[in-house]
Amino acid sequence: MKTLLASSVIGILGGGQLARMTAMAAARLGFSCHVYCPSEEEPAVAVCAAHTQGAFDDVAALTRFAKAVDVVTLEWENLPLAALDVIAAVTPVFPSASVLRVAQDRGLEKRFAREVGVGTTDFVIVKSADDLQSAMAHFPLPAILKSTRLGYDGKGQIKIEPKMAASEAWAAIGSDEGILEAFVDFDKEVSVIVARREDGATTAFPVVENIHRNHILAETYAPAEIALDVAKEATALATQLATQLHVVGLLSVEMFVLKTPNAKGQRVLMNEIAPRPHNSGHWTIDACTCSQFEMLVRAVAGLPLGSVEPHSKALMLNILGEDMGRCRSWVADPAACLHLYGKKESRDGRKMGHVTFLKGAW
Ligand code: AMP
């Protein structure tokens with residue numbers, strides 16, 4: 001694998017806050033970043049040396065972008081795979097289209113996990129209201145119906161209670177394919193971020209606990225308060241997925257910790273994967289020597305992976321539009337590490353920034 005040196009240019013597909021924080025970490029290592037996204041208003045544009053404005057199906061613009069950079073990474077897994085093919089013909093892209101293909105589809109993701117020995121909740125794929133009705137007859141309820149593609153932060157999903165009409169639930173997800181999942185009565189929700197280089201070297205950040213509100217991540221606690229053997233199981237599971245998927249870059253894995261082991265003796269089930277930096281890893285900027293963003297840059301640039309050892313425990317709070325009024329007190333609080341993404345328009349539920357509180361020595 002080629003090792004990129006300072007002054008090389010890292011291309012980033014997508015211009016949101018994950019791209020912005022990746023570019024800031026890359027700058028620290030002497031790289032410059034070139035972001036590709038449809039609007040110049042996006043958070044990453046202000047901190048990148050160059051911007052190509054274009055849609056993700058604009059072959060000419062994608063090709064121009066690919067020719068201007070040394071390597072490409074991405075901040076969003078739901079990009080058209082054809083865009084990655086256009087870029088890969090010119091310059092290396094990490095993670096590859098084959099990783100994205102799996103990560104874009106909740107059904108493929110769970111099937112893949114099971115094939116490599118990683119536990120998931122029971123599920124069945126449904127393609128119509130009739131399909132759903134017959135699946136519901138054989139499935140333990142309550143259950144959760146999600147669209148297999150393009151769902152995030154709770155969008156495109158609905159909890160199915162006994163006696164609910166299949167047609168109503170089907171209409172609610174607004175998709176032509178759904179995954180009906182058994183409801184997991186979990187103890188905790190946790191996540192692990194694994195970094196992997198092209199030569200197969202991996203490392204994983206510590207397991208953290210996530211609290212969601214209205215399906216959006218609200219708080220991350222580092223470390224997760226779980227038994228050592230459960231933390232080992234979660235880390236092994238995430239590393240197994242990153243390895244078997246041949247991810248180059250990061251794989252973020254959201255998991256459920258069960259109250260008691262299932263029939264296979266598993267205490268941890270995979271819920272969802274994302275081959276990119278993750279909201280539950282933002283605490284690493286302030287509490288670790290090497291953040292998840294620097295780790296991504298190192299992995300795609302072929303540099304040695306950084307340390308995943310935190311120096312501090314941490315609590316990260318997401319700042320949504322409705323929380324912006326609290327920034328005045330956070331910016332005045334010496335214990336608060338405030339990060340704002342420079343979004344011009346604030347809306348309820350929109351991620352505007354985050355704040356990390358360091359909680360003493362790790
Ligand atoms: P997801 O979009 O799959 O990440 O789901 C969003 C949130 O819904 C998760 O973080 C859980 O809190 C909850 N959730 C999703 N799937 C299930 C499930 N099968 N059982 C229980 N809760 C779930």
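When a ligand or atom number is given, it counts from 1 through the structure's own listing order.
Within the listing of ligand 1, atoms 1 (P), 2 (O), 3 (O), 4 (O) sit less than 4.0 angstrom from a heavy atom of Glu272. Counting the atoms of ligand 1 from 1 in the order shown, those under 4.0 Å from a heavy atom of Arg106 are 1 (P), 2 (O), 3 (O).
The shortest non-hydrogen separation linking Phe65 to Gly11 is CZ-CA, 3.6 Å. Taking every heavy atom of both residues into account, Ala361 and Lys313 meet most closely at O-CE, 3.7 Å.
Between the Glu77 side chain and the Arg276 main chain, no donor and acceptor come within less than 3.5 Å of each other. Checked by atom type and distance alone, the side chain of Ser128 pairs as donor or acceptor with a backbone atom of Asp131 at under 3.5 Å.
Using a 30° and 60° split on the angle between ring planes, His354 and His282 fall in the tilted class, from 30° to 60°. Ring orientation note: the planes of Phe56 and Tyr36 are tilted relative to one another, at an angle of 30° to 60°.
Taking each of Ile144, Asp122, Asn271 in turn, the one with a heavy atom nearest to atom 17 (C) of ligand 1 proves to be Ile144. Considering Gln157, Glu181, His215, Glu109 only, the shortest heavy-atom separation from atom 5 (O) of ligand 1 involves Gln157.
Heavy atoms from both the backbone and the side chain of Val184 come within less than 4.0 Å of ligand 1. Under 4.0 Å from ligand 1, not a single heavy atom of Ala143 appears. At a heavy-atom distance under 4.0 Å, no atom of Asn210 approaches ligand 1.
Considering backbone and side-chain atoms alike, Ala182 places an N or O below 3.5 Å from some N or O of ligand 1. Considering backbone and side-chain atoms together, Lys146 places an N or O closer than 3.5 Å to an N or O of ligand 1.
No side-chain donor from either of Thr284 and Ser291 sits under 3.5 Å from a side-chain acceptor of the other.
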